[in-house]
Protein chains: 2
Amino acid sequence: MIGPTTNQAMGQRPPTGPLDGMAGPLSRRLGVHAPLSGDDLAALSRLAVRETVVVAHTDLVRQGEPAENAFLVVEGIAASYVQRASGARQILALLLPGDLCDPDLAHLEHWDHGIATLSHCRIARVPRAALEELIATRPAVALALRRTKLEAEARSRAWLAALGIGHATERLLRLFREIIDRMHALGLADRNEGPLPLTQVDMAECIGTSTVHVNRVLQELRRSGMVELKGSRLRLLDRAGLDTLAGE
Amino acid sequence: MIGPTTNQAMGQRPPTGPLDGMAGPLSRRLGVHAPLSGDDLAALSRLAVRETVVVAHTDLVRQGEPAENAFLVVEGIAASYVQRASGARQILALLLPGDLCDPDLAHLEHWDHGIATLSHCRIARVPRAALEELIATRPAVALALRRTKLEAEARSRAWLAALGIGHATERLLRLFREIIDRMHALGLADRNEGPLPLTQVDMAECIGTSTVHVNRVLQELRRSGMVELKGSRLRLLDRAGLDTLAGE
DNA sequence: ACTTTAATTTAACATATGTTATGTATTTGT
DNA sequence: ACAAATACATAACATATGTTAAATTAAAGT
């Protein structure tokens, strides 16, 4: 590893030009759910502004703050989370490239959850007004956004069920599978191998256990030849076995 | 307890006339979130059809079935849930009187979760077409529905976080508090006392533990004078202590 | 009223996971 | 290249929760 930046976590993309990639992940993602016209795409490309680089484990919005604008993950992995006064955190959902942190929140006076980067990220802002205008004037975009949201809700249900039903091993495997699968769908990972720029603390906060236990489970998964994880690169070595262990 | 029917679980309502209460809970609920005109209310009252009485623990929709119409809980408590092949269940959310099981599901080909009654219920059907027409033609109703959904999503986040972070005692207390508070908001319970027509199996599936453990925790809560629970009637005896134990 | 079924309670024991602590590897910054 | 900070690994022990099973109580159906 040689480069001066730490982007290896997120993989292959070289330093980018001024506008490259800003609207890319968003329109690529939305385009999956509804056919978008050239005008739609152009409007989307103007939506995200003020792209910045944010280091890992930085809050974008803290719980309790007023809701102002939405965030778009251009590169890296971010997450929404809930935090208790005790300091304990639970991650609610992962935000991957092209994901918009919940845009429907306009009606809440204050955020009941926070948004933070997990890895190094490139983050763009999406002004609420612009987003709502786009929804009002471009039906195809509105439809794509709705379907994207339905997908996120389905993931959220599965996430909640796994927390309630499964053991830590199952939950960790589900987490790995979700990240690889979603990254693969974005063209950012192979089918069974990809970047995993999370710390074990992050994983623990995803699956609702302690760091120590994440490590324990991970060692066992390595020993049994289920996964390989070195330097934020993950390989799933036995997909069939994984799907069995992780439940349907 | 004398009456021939077992409706005491849900409390005070005597046998009802033909249309009484059908639209009641729905419009009462929606009216909290946006001002509704007389026309709005009239349209809402025509929305729910085919009201039926359903005994406890009956599936309304099973996972994997095609999505046809939405359900409105008129009386009683229902729930959405996920079920594994192993038989293990996790309840995702409670549906109380006036709650509509997620109406946005029209776009999913198949339900990724089921809906079942927990207590005896009165359930009405809501045809998707009618619902969508109402949303398209009545902005106030559409707004109220959106806000109601935002509220449900916030509850879902809190539910997920509790599963990941809290111990069983905390989760059970949160469950009790949620039911009493929501019932109270509907005028169906006092501030600290109300119906709790769930079995301990239901509670276990809500908070993600075993039945035996629910019973253990419940006994301890009774011994410490935190709650009283007899014959599906719940009293919270120490609200301040509860709020401490349950976390913010 | 009676029978059957479902729900609750409790015990004894097995196990998954939490906690605290300490040492080692990796990164990161300079 | 070095120092400082993070992240990872592992151990020993405490505890919350799962499991199985059996006895008791309450509810539902006829």
Side-chain angles (χ1 to χ4, degrees), chain A residues 1-9 53 55-58 86-90 118-120 162-172 196-205 207-223 227-234 245, chain B residues 1-10 53 55-58 86-90 117-120 162-172 196-205 207-223 227-234 245:
Chain A
M1 219 63 62
I2 309 159
T5 64
T6 10
N7 281 8
Q8 99 287 6
V53 169
V55 298
H57 302 121
T58 307
S86 67
R89 277 185 181 218
Q90 174 62 45
L118 299 184
S119 72
H120 276 77
L163 270 179
I165 293 178
H167 285 200
T169 306
E170 173 186 331
R171 303 202 300 265
L172 189 59
L196 188 80
L198 305 195
T199 67
Q200 291 182 6
V201 173
D202 297 329
M203 297 176 205
E205 290 173 348
I207 68 172
T209 30
S210 65
T211 317
V212 174
H213 199 55
V214 163
N215 188 276
R216 240 189 310 235
V217 167
L218 185 52
Q219 300 304 340
E220 180 51 34
L221 288 175
R222 290 204 251 237
R223 232 166 294 154
V227 307
E228 188 182 296
L229 175 55
K230 275 196 304 218
S232 77
R233 188 116 204 125
L234 172 69
L245 271 182
Chain B
M1 217 63 62
I2 307 159
T5 64
T6 10
N7 280 7
Q8 99 286 6
M10 290 313 304
V53 169
V55 297
H57 302 122
T58 308
S86 68
R89 277 186 180 215
Q90 174 63 45
T117 58
L118 299 184
S119 72
H120 276 78
L163 270 181
I165 292 178
H167 284 200
T169 307
E170 173 186 330
R171 303 202 299 267
L172 189 60
L196 187 79
L198 306 194
T199 67
Q200 292 181 7
V201 173
D202 297 329
M203 298 176 204
E205 290 174 348
I207 68 174
T209 29
S210 65
T211 316
V212 174
H213 198 54
V214 163
N215 188 274
R216 242 189 309 236
V217 167
L218 186 52
Q219 299 305 339
E220 180 51 35
L221 288 175
R222 289 204 251 237
R223 231 165 297 155
V227 308
E228 188 181 298
L229 175 56
K230 276 197 302 219
S232 77
R233 188 120 203 121
L234 172 69
L245 271 182

Take the protein atom [atom1] of [X] and the nucleotide atom [atom2] of [N], then report the distance between them rounded to whole Å.
{"X": "B:Leu196", "N": "C:dA7", "atom1": "CG", "atom2": "C1'", "value": "14 Å"}
{"X": "A:Leu118", "N": "D:dT6", "atom1": "CG", "atom2": "C1'", "value": "16 Å"}
{"X": "A:His167", "N": "C:dT15", "atom1": "NE2", "atom2": "C1'", "value": "9 Å"}
{"X": "B:Gln90", "N": "D:dG18", "atom1": "CD", "atom2": "P", "value": "11 Å"}
{"X": "A:Arg216", "N": "D:dA11", "atom1": "CZ", "atom2": "P", "value": "11 Å"}
{"X": "B:Leu198", "N": "C:dT8", "atom1": "CG", "atom2": "P", "value": "10 Å"}
{"X": "B:Leu229", "N": "D:dA26", "atom1": "CG", "atom2": "P", "value": "13 Å"}
{"X": "A:Gln219", "N": "D:dT10", "atom1": "CD", "atom2": "C1'", "value": "9 Å"}

- request: Map A:Val212 and A:Arg171 onto DNA chain C by nearest heavy atom, then report which one ends up closer to the 5' terminus.
  value: A:Arg171
field: Contact under 4.0 Å: B:Asn215 side-chain N or O vs C:dT8 OP1/OP2
entry: no
- prompt: Is any side-chain N or O of A:Arg222 closer than 4.0 Å to OP1 or OP2 of D:dA9?
  reply: yes
Of the listed nucleotides C:dG18, C:dA7, D:dA11, the one nearest the side chain of A:Thr209: C:dG18
- request: Using a heavy-atom cut-off of under 4.0 Å over every strand shown, decide if A:Thr199 touches base, sugar-phosphate, or nothing.
  value: sugar-phosphate
message: By the definition side chain to side chain contact (heavy atoms under 4.5 Å, CB included), identify the one residue from A:Glu205, A:Gln90, A:Arg89 that meets it with B:Ile165.
response: A:Gln90
field: Sole residue of B:Thr209, B:Leu196, B:Thr211, B:Leu118 in side chain to side chain contact (heavy atoms under 4.5 Å, CB included) with B:Met203
entry: B:Leu196
task: Would you check if A:Arg223 and A:Gln219 make a side-chain contact, meaning some heavy-atom pair closer than 4.5 Å?
output: yes
- prompt: Between A:Ile207 and A:Val217, does a side-chain contact (heavy atoms from CB on, under 4.5 Å) hold up when you go through it step by step?
  reply: CA-CA 12 Å; A:Ile207 68 172; A:Val217 167; over 6 Å; no
